[in-house]
Number of protein chains: 2
Amino acid sequence: MADEPPRQPSDASAGVISLLLAHGVAPTRQRIEIATLLLERPQHLSAEQVLVRVRASGQHVSKATVYNTLGLLTRKGLVREVVVDPQRVVYDSNVAPHYHLYEVDTGRLEDIEPAAVSVAGLPSLPPGTVIEGVDVVVRVRSRPAEPSASGV
Amino acid sequence: MADEPPRQPSDASAGVISLLLAHGVAPTRQRIEIATLLLERPQHLSAEQVLVRVRASGQHVSKATVYNTLGLLTRKGLVREVVVDPQRVVYDSNVAPHYHLYEVDTGRLEDIEPAAVSVAGLPSLPPGTVIEGVDVVVRVRSRPAEPSASGV
DNA sequence: TTAATTGCAAACATTTTGCAGGTTC
DNA sequence: GAACCTGCAAAATGTTTGCAATTAA
C-alpha cells in the first residue's frame with residue numbers, strides 16, 4: 001500500500017530470476033542479489049565475502065540469510081562448495097566439472113580445466129553408494145622447497 | 001592416583017620415540033601418547049577423537065596440547081591433514097601418497113590406493129610455485145541419485 | 001638450571017538456530 | 001490468509017592464544 005516504486009528487475013536480474021525459478025528457488029530480493037553477484041562470472045567467494053559485496057552494492061542482507069541462501073543454492077545445484085581451507089567454505093559459481101589449484105601461502109584458488117587432469121580407474125565403491133563428485137585439489141607453495149642443510 | 005609408577009616406555013613407545021627424535025620432535029609424554037595412538041595403524045582421527053582416546057587410555061592431555069601436537073606432527077611430516085569436511089580437520093597417519101573416498105552421509109573416510117587412480121597432465125603452475133601435494137577426494141552418497149523433477 | 005612444554009580458560013572465527021516480524025502469492 | 005522468508009542475536013562448534021606452572025635434558 002505504500003507508494004514505493006515496485007522493484008524493477010534489471011536484465012541481469014531477469015536472467016537470474018529465471019534461473020532461480022528453474023531450480024525451484026523462490027526469487028526473493030536477497031536471493032536475487034546474492035545469486036546475481038555470484039553467477040555474474042566464475043569465481044570463488046566465502047560467505048563473508050558475499051555478505052560484504054552485497055552490502056557494498058547498497059542492499060541489506062543479514063548474515064543468516066547469506067548462509068541460508070548459499071546453502072540453498074548449493075543444494076539446488078546453482079553453486080558448488082569447495083573445501084580447501086578447513087576453516088572456511090568457498091562457494092564456486094562454476095558448477096561445470098573442473099578441479100582446483102590452491103596456493104597455500106596466499107589462499108588463492110584457481111580453476112583447473114578438467115581436460116588438464118585425467119582421473120581414471122576409480123576404486124570399487126562401497127555397496128549401495130554412488131559417486132557424488134570427485135574433487136581434485138593441487139596444492140602449491142609459493143616458494144620452492146629449500147634444502148634443509150645448506151642455504152643458497 | 002598417588003602412587004603411580006613411573007612411566008616405562010613400552011616397545012611401541014620406544015619405536016615412536018625414535019621416530020619423533022628422527023623428525024626433530026622432542027618426545028614428551030603427551031606427544032608419545034598421541035603419536036603412538038595415531039601411528040599404531042593407518043587411520044583418520046579428528047583432534048577431538050584423539051583427545052578422547054588418549055584420555056581413555058588413562059593419560060591426561062589437554063585439548064590445547066592435542067591441537068599443538070597434531071599441528072607439530074603435521075609440520076614434521078609424521079601425519080597428514082585431510083580436509084573433506086569444512087568443519088573438522090582429520091589427521092591421517094598414512095603419509096604415503098594416496099587418495100580418499102568420503103561417504104558424505106556417514107562421514108566415513110577411506111583410503112584409496114594411489115594405483116587405483118591416475119592423475120595426469122597437471123596444469124601449468126603459477127610462476128615460482130611448486131606442488132606441495134595433490135588431493136583427490138571421491139565423494140560418494142549412500143543412496144543412488146534420485147531422479148529430479150527437472151533435468152539438470 | 002634453562003629452555004621448552006603443558007594446562008586451563010578465555011578468546012576467536014565460522015556457521016547454525018530460534019523466533020518475531022515482514023513479505024509474497 | 002497462509003506459507004514462506006528475513007533479520008537479529010544468541011548458541012554451537014572447532015581451533016588458537018596468553019600465561020603461569022611443570023617437565024625434560
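Predicted model only: the values in this text are computed from it and were never measured. Naming: A, B, ... by sequence-line order, numbering from 1 per chain.
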T28(A) side chain, from C-beta outward: closest of dT6(D), dT15(D), dC8(D): dT6(D)
Given dG7(C), dT15(C), dG7(D), the nucleotide with the shortest approach to the side chain of Q30(A): dG7(D)
Does the S93(A) side chain pair with the main chain of R41(A), one donor and one acceptor, at a distance under 3.5 Å? yes
Could you give the CG-to-C1' distance, from L20(A) to dC5(D), as a whole number of Å? 14 Å
Between R55(B) (side chain) and V61(B) (backbone), is there a donor-acceptor pair under 3.5 Å? yes
Whole angstrom value for the distance that separates P of dT16(D) from CG of L70(B): 10 Å
State which of dG7(D), dT6(C), dT15(C) makes the closest approach to the side chain of Q87(B). dT15(C)
Listed nucleotide nearest any side-chain atom of T65(A), set dT6(C), dT17(C), dT6(D): dT6(D)
Taking 4.0 Å as the cut-off, does a side-chain nitrogen or oxygen of R31(A) come that near to OP1 or OP2 on dC5(D)? yes
Starting at atom CZ of R75(A), determine the distance to atom C1' of dT16(C), rounded to an integer number of angstrom. 13 Å
What is the distance, to the nearest angstrom, from the CG atom on L21(B) to the P atom on dA25(D)? 8 Å
Gap between atoms CG and C1', on L72(B) and dT6(C) respectively (whole Å): 13 Å
Closest listed nucleotide, where the reference is the side chain of H60(B) and the choices are dA13(C), dT6(D), dC8(C): dC8(C)
Kindly point out which of dT15(D), dT6(C), dC8(D) is positioned nearest to the side chain of Y67(B)? dT15(D)
As a test of understanding, state which of R108(A), R141(A), R139(A) forms a side chain to side chain donor-acceptor pair (under 3.5 Å) with E103(A). R108(A)
Closest approach of Q43(A) to L38(A) (non-hydrogen atoms, all atoms of both residues): NE2-O, 3.1 Å
5' precedence on DNA chain C between A64(B) and A26(B) (nearest-nucleotide basis): A26(B)
Nearest-Å distance for atom pair CZ/P, residues R29(A) and dT24(C): 7 Å
Measuring from atom CD of E81(A) to atom CG of D135(A), what distance do you get when rounded to the nearest 0.5 angstrom? 10.5 Å
Which nucleotide in dT17(D), dT6(D), dT15(C) has an atom nearest any side-chain atom of N68(B): dT17(D)
Specify the separation, in whole Å, of atom CD1 of I17(B) and atom P of dA24(D). 11 Å
Figure out the NZ/C1' separation between K63(A) and dG18(C), and round it to whole Å. 17 Å
